[in-house]
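Reviewing the structure listed below.
Only a predicted model underlies this, so the values are computations on that prediction, with no experimental measurement involved.
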Amino acid sequence: MTVATAAETFSRIVHHRLSAHRTQLQTGLQQLSPGLASEEVERLFEQAYAALHANAQLKLNRVLLLELHAGVRSGQITATSTSEQLQQFEAWAATPSFAAHVAHRYPPLDARLDGVADAYTRAVIELATHIADDREALRTLLQVPAGKLLKVAFGSGDTHGGGRAVAAVTFEGGTVMYKPRSLRIDVVLDAFLEAVFPNDPLRVRIPRVLDRGAHGWAAFAAHRYCNDDAQLARYYQGLGHWLAVLRLIGGTDIHLENLIAVGATPVVIDAESVFCLPIEMAASGYGHAHDLAAMLMRNSVLRTGIVPFRTSGLGMDGVDLSAAGALPGEQPKVRVPVLMEDANTPPRLGMMETDFAPAQNHPSPRPDVSRFWDEISSGFMAASSRLRELDHSGRLDDLLAPFAGCEVREIKRPTMAYAEIGRMLWHPASLHNEPAAVERALDLLVRNAAISPAASAEPAEVLQEIDDMRFGDIPLFSAVLDAGRIATVVDNWRAMRIDLEEVTIRSTLVATDLNEHAMVRAEARDGFSYAAKAPHGDALEARRRRQAAEAVNNLIRLSVRGNDGTMTWITPEITQTGWTVRPVQPDVYFGLGGIAFSLAAYHQEVQQGRADAAPGVEAAMNGAIALYLRMCALDLPDVGGGLVGAGSRVWTLLALHDLLGRADLLDAARSAAATLERTDFAEVPKYEMLDGVSGAIVPLIGLAEATGEVRWLSIAATAARRLQATAIVDAGGARWPSPQFDEPIGGFGHGALGIGWALARLALTEAGTVEDRAAWQTLAEGAFAFQDALFEPETGRWHDLHLKDGQKTFPTWCHGSVGMGLAAADLYARTGDPAYLRDLRRAVADANGRWGFSHTLCHGDLSTRELLVKAAQLDPQGCPYPVDTAAMEVISSIEEHRGMVGGLTRAAFTPGLMIGLAGAVYGFCRMHPDCNLPSPLLLERAASASTLPSTERLKASGTEPVPA
């Protein structure tokens, strides 16, 4: 006998182990004659046994592999070649001694495997009985007689309730889907859809069904691509319709495998999880607005499963399982366990990366959902409006009444959690010591209940879930709907903020696109496509005031307000695992700190007569600050970070203190800075200004100025020493590694220039010793030398190392010439060094006139204006700016495009300061010639509170400061 592989050997061993169950299955099916013809019985038996065998082998592979290696080591297997070892192992596995050995080492294995096989056998015989009994009735689904049974495809879903599972059953007349549950909910739901979208052949739908009580049959939804863009637009509009309907009826679990693209119609094939009760959440302590925002998101359209989301399951981390997402070619590799073997080494268990198998949820081979964001959004709004009309007319309750009495599935925990724990329970170690494994599973599921609000933490109930998994099932929970539950779900829909739901849909779609295409999308477009076509300065001040007030009104309109006066927002933002949508965090860049500062700035400008009054702005400012203070008090910040992290908190609280004069804000700034006293910055993986070590330095300098307390300069000195220890210094200058880039880069927000700027600023203070300050200045000059080497005289721009070949450069704050110019302007104003003046002029030459990438502070026209204005103040001859062309460009562009265009999130509502609406508010305020607001781009303090550039230094260098 020749044994080719371990998999084949194990297959024969499993076949031997299942011999009794094989006979039981065959005998049970033969007893169904004459309902099934003999050839149908044989065909069904072969297919069912193949599925049973595959299931059993997956459960036994690790045990058999372990025993093979143990047999070799113990001398039970004496052969030296892999092939002969497998032959001996297969012969030994067929003996009573091996059976006794397995029973001793893995006490529950036999009973559990028998339980799985017995349940599966009963489920197959049950299905076969229904095939025989229902064959004639299936004409209603197939439109023709069913005819002879040709095939049963098992394994179309998880098993529940004793081995039962969905199966695709093919007859001569066509294919139908067998479902071992009542399909009354499907009948009622499709009737509801017909009432909401009457006489529409392309309306959203579920397959036609035949409900037989405890089981049923559904027509097969055959996947079909759309023919053209018109059909694609209709398909994505249909996704919006589904979102509206599912939001009304509390639908969930409509992931990529539960929705089929049938031409222009998205067909939901498994709509059993509806009327899910609203999820309640424990109070965070931040304030009611934050808790309300979190609850709104948990009960929003995100719950449906249609809107893109990323998993975090074992081996599936980052996989998008949504019906609208899961784009082919954009899924991460998944890791699956496999038997690894070759001719010269014994087989072993290993993990192999493989492509995630595509589903049938897409309407085209290479879908680009970003082309149809508007269709999804408009479909949701239109269908929601239709449902509102039905509700106001009194018809909605009548249409929903038939749902009472339907059985629905309740999703207590993510199926992924059950699958992972189920695999653990079949691990050899778990089978060897099952009580310990059960205890471990109990602990995991009880703790999982803390983040899965619908799940039970009661040990008795959790143990029942574990028992299902011990015998191969995914736990299933069901309930019968009553009028009270339906009313609760519908009342939650009536109370929803439809504007925030629409914002959430668009933000999630944008965030998903950014996870895959952030740089491609930004660099592939024309680059400056949002430049005004007809910029003009007519009535500019009135237009500025109007747009500023509109921006504030929109910011307040799309806020989440708590009953305790707190206020917050929902935003797409970047996290360590990619772009996501969530309530804003306490940072300056995307978060609540930047929004609170912007509202306070606008409030001040109103008081000074430089902006128009906006209803609710003071309450919004106070509500945002109140929530921000609570977040700062309860959560330790990430170390460092001028825009994200402890440094950003210190700057925000200082800026608010300077604007409002509140002592509690200065105390809070001290508390935020004090968190940095307990660290040496050694654990911080980043050094950049935006969210790394160097970002803490300038805010700490500001705090020392505000309080007169030298302790804050001592912390800044510790940060500088960390930068000294981690710098890469050679003939090319100084730079720092970064976990997000392949090599050290230049630029202000993320690179060497910004780090050098922070060090140069610290060298101008009394921090450290004279030797320290000299060393920091030398290191800063090394960073500037590294940046200078990237300048390309032929283009007049700095080479951006983080861009790939062919990607365009833009005059941005974060990576481009605007940030470099602002840093040069700041240091020139403080020192008068002509090298800084040279770089300032280079930056202005590159940035001036390059309008229309976006309207933001981080990478848009508002930060370009900051540079041009500051440069003209310092260098009116070299950088003249006689007319505020940037104000004309921005205001005209926003008018032409009917609103502010954000940065990478340009298609989504983004409230934050650096790439969102709060930044537009701030930018409009700064356009007034008398405005003296501090700039977050250089982490400034208000002019009346901060230390102004040293006239003595400028005189000593032979350069006088230019009046603003």
Distance check, rounded to the nearest 0.5 Å: Tyr922 atom OH versus Glu866 atom CD? 4.0 Å
Which heavy atom of Ala674 sits nearest to which heavy atom of Trp712, and what is that distance? N-CZ3, 3.8 Å
Which of Ile306, Thr504, Leu248 passes side chain to side chain contact (heavy atoms under 4.5 Å, CB included) with Leu243? It is Ile306
Output, in order, the C-alpha distance, side-chain angles, deciding distance and verdict of salt bridge (charged side-chain N to carboxylate O under 4.0 Å, His left out) for Glu502 and Arg497. CA-CA 9 Å; Glu502 196 271 342; Arg497 289 273 305 275; over 6 Å; no
Does Arg865 form a salt bridge (charged side-chain N to carboxylate O under 4.0 Å, His left out) with Glu889? I'd like the steps, not just the answer. CA-CA 10 Å; Arg865 181 188 177 276; Glu889 290 282 350; over 6 Å; no
How close do His288 and Thr566 get, counting heavy atoms only, and between which atoms? N-OG1, 3.5 Å
Arg298: partners by salt bridge (Lys or Arg N to Asp or Glu O under 4.0 Å), with sequence neighbours left out: none
In terms of heavy-atom contacts, Ala532 and Ser893 come closest through CB-N, 3.6 Å
Backbone N or O of Asp374 within a donor-acceptor pair of the Ser377 side chain at under 3.5 Å? no
Can you tell me if Arg926 and Asn932 form a side-chain donor-acceptor pair at under 3.5 Å? no
Dump the intermediate steps for side-chain contact (heavy atoms from CB on, under 4.5 Å) on Trp373 and Ile505, then the final yes or no. CA-CA 9 Å; Trp373 288 336; Ile505 293 170; over 6 Å; no
Measure the CD1-CG distance between Ile625 and Leu653 for me, rounded to the nearest 0.5 Å. 9.0 Å
Would you say Ser694 and Glu688 are linked by a side-chain donor-acceptor pair, where the criterion is simply a distance under 3.5 Å? no
Backbone N or O of Phe924 within a donor-acceptor pair of the Arg544 side chain at under 3.5 Å? yes
Tell me whether Glu940 contacts the main-chain N or O of Ser935 through its side chain, where contact means a donor paired with an acceptor under 3.5 Å. yes
Looking at Glu709, is its backbone amide N or carbonyl O close enough to the side chain of Thr707 to form a donor-acceptor pair, meaning the two atoms are under 3.5 Å apart? yes
May I have the step-by-step check of salt bridge (charged side-chain N to carboxylate O under 4.0 Å, His left out) for Arg545 and Glu541, ending in yes or no? CA-CA 6 Å; Arg545 284 175 173 263; Glu541 172 60 10; 2.9 Å; yes
Can Lys870 and Asp826 be counted as an ion pair, charged N to O under 4.0 angstrom? no
Cation over ring, Arg941 on Trp651, under 6.0 Å and within 45°? no
Going by heavy atoms in the side chains, are Asp930 and Arg610 under 4.5 Å from each other? yes
Hey, what do you get for SG (Cys931) to CD (Glu605), rounding to the nearest 0.5 Å? 4.0 Å
Could you give the distance from CG (Leu558) to OG1 (Thr571), rounded to the nearest 0.5 Å? 11.5 Å
Would you check if Pro936 and Phe597 make a side-chain contact, meaning some heavy-atom pair closer than 4.5 Å? yes
Would you say Ser559's side chain and Ile556's backbone share a donor-acceptor pair under 3.5 angstrom? yes
Can you confirm whether Arg247 sits close enough to Arg303 that some side-chain heavy atom of one is under 4.5 Å from a side-chain heavy atom of the other? no
Go through the steps to decide whether Leu636 and Arg678 satisfy the test side-chain contact (heavy atoms from CB on, under 4.5 Å), and finish with yes or no. CA-CA 12 Å; Leu636 288 176; Arg678 297 185 287 273; 4.2 Å; yes
Between Asn492 and Pro278, is there a donor-acceptor pair closer than 3.5 Å when you use the side chain of the first and the backbone of the second? no
Sub-3.5 Å donor-acceptor pair from the side chain of Thr718 to the main-chain atoms of Ser714, do we have one? yes
How long is the gap from CH2 on Trp813 to NE2 on His859, to the nearest 0.5 Å? 10.0 Å
Minimum heavy-atom distance Phe681-Ile715, with the two atoms named: CE1-O, 3.8 Å
Quick one, Thr812 and Ser863 - any side-chain contact, counting heavy atoms below 4.5 Å? no
With side chains defined as the heavy atoms from C-beta onward, is the minimum distance between Val588 and Val644 less than 4.5 Å? no
For the CG atom of Leu599 and the CE atom of Met621, what is their distance to the nearest 0.5 Å? 8.0 Å
Mind running side-chain contact (heavy atoms from CB on, under 4.5 Å) on Leu913 and Ile595 for me, showing each step along the way? CA-CA 6 Å; Leu913 182 68; Ile595 299 170; 6.0 Å; no
Parallel, tilted or perpendicular, as decided by the 30° and 60° cut-offs, for the rings of Phe810 and Phe853: parallel
Quick one, Asp587 with Arg649, criterion salt bridge (charged side-chain N to carboxylate O under 4.0 Å, His left out). Give me CA distance, side-chain angles, the key distance, then yes/no. CA-CA 7 Å; Asp587 60 78; Arg649 296 191 187 185; over 6 Å; no
Looking at Ile894, is its backbone amide N or carbonyl O close enough to the side chain of Gln547 to form a donor-acceptor pair, meaning the two atoms are under 3.5 Å apart? no
side-chain contact (heavy atoms from CB on, under 4.5 Å) for Arg543 and Ser892? Distances and angles first, verdict last. CA-CA 9 Å; Arg543 292 157 64 202; Ser892 300; 3.0 Å; yes
Can you give me the closest heavy-atom contact between Ala918 and Ser598, atom names plus distance? O-OG, 2.8 Å
Do Lys686 and Val693 come within less than 4.5 Å of each other through their side chains, counting heavy atoms only? no
Please confirm whether the backbone N or O of Gly852 pairs with a side-chain atom of Asp861, one donor and one acceptor, at under 3.5 Å? yes
Checking the side chain of Thr910 only, and the main-chain atoms of Gly912 only, is there a donor and an acceptor separated by less than 3.5 Å? no
Hits for ring-ring contact (aromatic ring centres under 6.0 Å, His included) against Trp757, two or more places apart or cross-chain, chain-then-number order -> Phe748
Smallest heavy-atom separation, Val818 atom then Leu867 atom, equals CA-CD2, 3.9 Å
Please step through ring pair (Phe, Tyr, Trp, His ring centres under 6.0 Å) for the pair Tyr530 and His855, ending with a clear verdict. CA-CA 9 Å; Tyr530 294 98; His855 303 133; 7.0 Å; no
